[in-house]
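What follows is a set of notes on a single structure, which appears directly below.
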2 protein chains.
Amino acid sequence: MRDELTHAVEDYLKTIYDLSLTHGRASTTQIAEVLEIAPASVTGMIKRLSTTRPPLVEYIKHRGVILTPEGERVALEIIRHHRLLELFLYETLGYSWDKVDAEADRLEHVISEEFEARIAEALGDPTHDPHGDPIPDKNLLMPSHAKLSLREMRPDQCGTIQRVRDNDPDLLRYLSEQGIVPQAHFIVTGYTPFDNNITILVDGQPKAVVLGPRITRQIFVEQENG
Amino acid sequence: MRDELTHAVEDYLKTIYDLSLTHGRASTTQIAEVLEIAPASVTGMIKRLSTTRPPLVEYIKHRGVILTPEGERVALEIIRHHRLLELFLYETLGYSWDKVDAEADRLEHVISEEFEARIAEALGDPTHDPHGDPIPDKNLLMPSHAKLSLREMRPDQCGTIQRVRDNDPDLLRYLSEQGIVPQAHFIVTGYTPFDNNITILVDGQPKAVVLGPRITRQIFVEQENG
DNA sequence: GACAAAATTTAGGCTAGCCTAAATAAGGAT
DNA sequence: ATCCTTATTTAGGCTAGCCTAAATTTTGTC
């Protein structure tokens, strides 16, 4: 395998992969926002990524980028590192789930294939990290995962939390205080149109929680027929 | 604690610390050799390190450098990271002792204080890494360690290996094949002047091994009265 | 104490990645 | 279709860290 990609390049590819999933194509501004750098810097990097051999992204001026197969391979490799590390930190070292992301963000770029293989084995080839994010397998294939967001659910429907797609430590801590963590079972008790707030009652929790759409959009669930 | 030192700076400080132990003062050329970069590059970096606030090294033109207290603090912090990581990789992840150094060299710069604290605790606040190198404690104090090198020993003397101060994987693999690892008990069976070769027989090994001074100088032992 | 060899520093250059300010292109509203 | 806003790119600049080649200092030897 060729390597020798810089951390910065790996971060760009990971970001583009992520944005492509929800937006199809990653725009300069979106990438700049995620990476917290100036849009002009993104343009420069994107040009480089699209002219390497093999190219890592396909770039159309003023139209944003998508990953090439090679770019996607690299992105998935980093995502596998990241999510395996998150689970390792959580399971083996006892990190709280709101702190694993920041640590994994730095470690993901420096661990060797041997490190990856050893923690994967120690964890029993896991398919999901502590946030419920799917972990690509050795061949970089994504396991199946819930695609229904909590935002689509309505009163009286129930299900289990599968995935919380956000890395803000404060939000994660807040959610876990409310019992909103993967595998938690809940019932929707309220929905208000216009602001799209959703109220849910989590099993074992004293009271229901109202969540706005910015949050519920990031929470994926398995619905139950109830 | 101030941080935000680059990986390169940390590598320089670690190298200078190491060289200072054996040579008192680290010369431009020595640093360049260890880091495998051009001497001119070292001069440039040293100037920077000596003019930061607070300065990390004390630099006298044409005379080399020594660490300031602050520089030493940073070096010891990195060395603590490195050696804790080596032991962690060895004990917890099952790495062979010849591979831990390379992995730790990259990880040492990116782990957080929390990571450091958690692996230290998981390992029971260890004092020595798999090569027998002493691990600075939380307050960066070095535990005591063997200072007698195998090179000084003579026939009929015996003792135990305490420390193998070399990171060349091939050498380490060779030595462990001969049973020369920390805690191994041995007796010196031969010494030849002029070339300073030393022959030792390790307990449980079928035959004696002849080691040149470049190797024996790096092996530290605890002598026994025998 | 002079001189050659070795060590070190200076000078000038390069790449990766970031920045700001200014120019240009795209897209939506009228 | 034009105007205005927003997105994007261009141009020029900066720092960290490396490089080579040339100049200089130190050191060891006679």
Side-chain angles (χ1 to χ4, degrees), chain A residues 2-16 19-20 22-53 55-66 71 74-75 78 105-106 108-110, chain B residues 2-16 19-20 22-53 55-66 71 74-75 78 105-106 108-110:
Chain A
R2 77 196 70 48
D3 254 42
E4 320 323 322
L5 296 175
T6 64
H7 300 183
V9 167
E10 292 177 347
D11 278 337
Y12 273 90
L13 296 175
K14 192 174 66 151
T15 301
I16 294 165
L19 290 169
S20 301
T22 39
H23 301 81
R25 201 171 254 278
S27 76
T28 303
T29 317
Q30 288 172 329
I31 297 169
E33 269 166 15
V34 174
L35 295 177
E36 300 187 284
I37 58 181
S41 307
V42 174
T43 302
M45 176 63 97
I46 277 175
K47 280 187 180 170
R48 267 182 49 212
L49 298 181
S50 64
T51 52
T52 55
R53 304 191 59 76
L56 296 164
V57 304
E58 185 190 296
Y59 168 48
I60 305 177
K61 248 189 198 179
H62 297 280
R63 287 269 130 81
V65 293
I66 51 175
V74 175
I78 298 298
D105 263 342
R106 295 191 311 274
E108 64 188 7
H109 304 295
V110 303
Chain B
R2 77 198 68 51
D3 255 40
E4 320 322 323
L5 296 175
T6 63
H7 299 185
V9 167
E10 293 177 346
D11 278 337
Y12 273 90
L13 295 175
K14 192 174 64 150
T15 302
I16 294 166
L19 289 170
S20 302
T22 41
H23 302 81
R25 203 171 252 281
S27 76
T28 304
T29 318
Q30 287 172 331
I31 297 169
E33 270 166 14
V34 174
L35 295 177
E36 300 187 283
I37 59 181
S41 307
V42 174
T43 302
M45 176 63 96
I46 277 175
K47 281 187 179 170
R48 267 181 50 212
L49 298 181
S50 64
T51 53
T52 55
R53 302 191 63 74
L56 297 164
V57 303
E58 185 190 294
Y59 169 48
I60 305 177
K61 248 190 197 177
H62 297 279
R63 287 269 130 80
V65 293
I66 52 175
V74 175
I78 298 297
D105 263 342
R106 296 190 310 275
E108 64 188 8
H109 304 294
V110 304

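Bear in mind that the values here come from a model prediction, so they are computed numbers and not experimental data. Below, read A as the first sequence line, B as the second, and so on, with proteins coming before strands; counting in each chain starts at 1.
Among residues two or more places apart in sequence or in another chain, the side-chain hydrogen bond (donor to acceptor under 3.5 Å, both in side chains) test is passed with Arg106(A) by Glu103(A). Among residues two or more places apart in sequence or in another chain, the side chain to side chain contact (heavy atoms under 4.5 Å, CB included) test is passed with Thr51(A) by none. For the side chain to side chain contact (heavy atoms under 4.5 Å, CB included) test, residues two or more places apart in sequence or in another chain that qualify with Arg63(B) are Ile60(B). For Pro39(B), the side chain to side chain contact (heavy atoms under 4.5 Å, CB included) partners two or more places apart in sequence, or in a different chain, are Thr28(B), Ala32(B). With sequence neighbours excluded, the residues satisfying side chain to side chain contact (heavy atoms under 4.5 Å, CB included) with Ser20(B) are Ile16(B).
If you take CD1 of Ile60(A) and P of dA26(C), they are 12 Å apart, rounded to a whole angstrom. Nucleotide dT25(D) holds its P atom 6 Å from the NE2 atom of His62(B), rounded to whole Å. Between the OH atom of Tyr59(A) and the P atom of dA7(D) there is a distance of 16 Å, rounded to whole Å. Counting to the nearest Å, the C1' atom of dT10(C) and the NZ atom of Lys47(B) are 7 Å from each other. Lys61(B) places its NZ atom 10 Å from the C1' atom of dT24(D), with the value rounded to the nearest Å.
Heavy atoms of Thr28(B) sit under 4.0 angstrom from primed sugar atoms or phosphate atoms, though from no base atom.
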For this session: For side chain to side chain contact (heavy atoms under 4.5 Å, CB included), just list the numbers for Val110(B) and Glu108(A), CA-CA rounded to whole Å, side-chain angles, deciding distance to a tenth of an Å, and then say yes or no.
Result: CA-CA 10 Å; Val110(B) 304; Glu108(A) 64 188 7; over 6 Å; no

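One finds a side-chain N or O of Arg63(A) lying less than 4.0 angstrom from the OP1 or OP2 phosphate oxygen of dG27(C).
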Seminar exercise, completed: The contact string for nucleotides 13-18 of chain D, one letter per nucleotide 5' to 3', using protein heavy atoms under 4.0 Å with B, S and - for base, sugar-phosphate only and none, comes out as ---SSS

